[in-house]
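A, B, ... follow the sequence lines: proteins, then strands. Residue 1 opens every chain.
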Number of protein chains: 2
Amino acid sequence: MRADARANRDEIVEAALELFQEQADFNVSFRTIASRAGVGVATLHRHFPDRAALITEVIDHLDRGVTAIIEDHLSRWDEDPQRAWSGSIHRLVDLGIAPLASGGSEFAVTEGKVDGFLQYMRQKDMRPMERLLGKGVQHGFAPSDLDPYRFAAGIVLLSRPLPYLTAQILPDQREWLVDVYIDGLRARARDTSSG
Amino acid sequence: MRADARANRDEIVEAALELFQEQADFNVSFRTIASRAGVGVATLHRHFPDRAALITEVIDHLDRGVTAIIEDHLSRWDEDPQRAWSGSIHRLVDLGIAPLASGGSEFAVTEGKVDGFLQYMRQKDMRPMERLLGKGVQHGFAPSDLDPYRFAAGIVLLSRPLPYLTAQILPDQREWLVDVYIDGLRARARDTSSG
DNA sequence: TGTAAGTGGAGCACTCTGCTCCGCTTATAA
DNA sequence: TTATAAGCGGAGCAGAGTGCTCCACTTACA
């Protein structure tokens, strides 16, 4: 693969991720994605023959991001557990993982490939997240009934875009809300361990 | 207005609300809305000449729902403050207010009526919510830096649909997450008052 | 029971979509 | 430097989906 082709491919994946996040929807037109990537439609189609191929690539990209964030914070856990724990949650929310999870059904319906997509999601490696949660429970940051899916659901909801509210009426309250979530988890951890 | 016309109008508003919530988007085709309401497209257009008219009606409908829930729980506050507080939050989330807030920008952009829509949102009566928060702060359920917009942002995020996750992989975790949010608010209330 | 009010769906004009084709440009190895 | 294969962009096509209107039909109700 020629170097310029590789660069274009990367541009496309990044543009697609941005747009999927902004619109919280996988159904962004190829024209729009190509234009954001600064590339012709033909180039987009050459690299990704259909929408499923593009989405798969974007999800893999995000997934690698999730794993990297978790590994990074786990490696600095002993330094300052509290900081590693809450830092990892903030950074996972910042990743903007929402469309990965909640755009899934639209994708599946649109493409008529429910089973394929589901299997794809299910095969994702949950071990890094399980390790993070294990550490969190152990240090009293998270309740013991917090499984990876509950945790993921929280991240997904918190990472949802609020374009109208944030842009027009109130400044971005996301960090504040994430801190409330973190405090809530710790409060429940105390309740479960003492009660 | 004839009785059957009135009934159709109500069906339409309800159908539109459902679809806006399910798709977290105001751009649902008139055909789809009409069909869900069990009504012809012409009937839909007769009652609501354009999309803005329909959205306005749906938002008013939701807004009345918000006020009703708050009034209801405030009136039963003294009976059991804790129950009234957390009950009101759960019920506000159940309302599914998300598209009202975060679909706003799409609507504004699509219709090219940003200012009109913004003014419309700003003129909404925030007093019921302010009274609820006042009581919450007073009883130590909410931190004093919780203003109505932060509170609303939390409700909006929690009420976001998670169609893919909930339908296919994990059972609905929303109640659990709402409880974490409530616990987080109380934990912060303690911190602010003592520190 | 007369009639004004209300109805639904076919159909029009239009926009936007995915996708291909092909003449042009450019990276790269010799 | 140059030959050439690899890669490129955008015009354009066929089709799907849209908002909206028209009008022959039905129905609530004075």
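Residue A5(A) is classed as a sugar-phosphate contact, given heavy-atom separations below 4.0 Å to backbone atoms only. Counting any heavy atom pair closer than 4.0 Å across all strands shown, A3(B) reaches sugar-phosphate atoms only and no base atom. Residue contacts for V39(A): at a heavy-atom cut-off of 4.0 Å it reaches the sugar-phosphate backbone alone, with no base atom in range.
With values rounded to the nearest 0.5 angstrom, L74(A) atom CG is found 5.5 Å from L132(A) atom CG.
Contact of R2(A) with dA27(C) (side chain to base): no donor-acceptor pair of N or O atoms is detected under 3.5 Å.
Counting to the nearest Å, the C1' atom of dT21(D) and the CG atom of L44(B) are 14 Å from each other. The distance from atom CZ of F48(B) to atom P of dG19(D) is 15 Å, rounded to the nearest whole Å. Following rounding to the nearest Å, E11(A) (CD) and dC8(D) (P) show an atom-to-atom distance of 12 Å. Per the geometry, CZ belonging to R6(A) stands 15 Å off C1' belonging to dA6(D), to the nearest Å. Between the CD1 atom of I12(B) and the C1' atom of dG8(C) there is a distance of 12 Å, rounded to whole Å. Atom CD1 of I55(B) and atom P of dG19(D) are 11 Å apart (whole Å). One can place CG of L54(A) at 13 Å from C1' of dG18(C), the figure rounded to the nearest angstrom. Atoms NE2 (H45(A)) and P (dC22(C)) sit 17 Å apart, rounded to a whole Å.
Comment: R186(B) engages D183(B) in a salt bridge, judged by a side-chain N to carboxylate O separation of less than 4.0 angstrom. Between D72(A) and R76(A), at least one side-chain nitrogen of the basic residue sits less than 4.0 Å from a carboxylate oxygen of the acidic one, meeting the salt-bridge criterion. Using a cutoff of 4.0 Å between basic side-chain nitrogens and carboxylate oxygens, E71(B) and R64(B) are not scored as salt-bridged.
Where V41(A) and R31(B) each meet DNA chain D at their nearest nucleotide, the meeting point lying more 5' is that of V41(A). For the pair M1(A) and D4(B), nearest-nucleotide mapping onto DNA chain C gives the more 5' position to D4(B).
Partner of I70(B) under the side-chain contact (heavy atoms from CB on, under 4.5 Å) criterion, out of E130(B), R131(B), M129(B): M129(B) alone.
Checking the phosphate oxygens (OP1, OP2) of dC8(D), a side-chain nitrogen or oxygen of H47(A) falls inside 4.0 Å. Phosphate proximity of dT7(C) to R46(B): present, with a side-chain N or O under 4.0 Å from OP1 or OP2. One finds no side-chain N or O of N8(A) lying less than 4.0 angstrom from the OP1 or OP2 phosphate oxygen of dG7(D). OP1 or OP2 of dG8(C) has at least one side-chain nitrogen or oxygen of T43(B) nearer than 4.0 Å.
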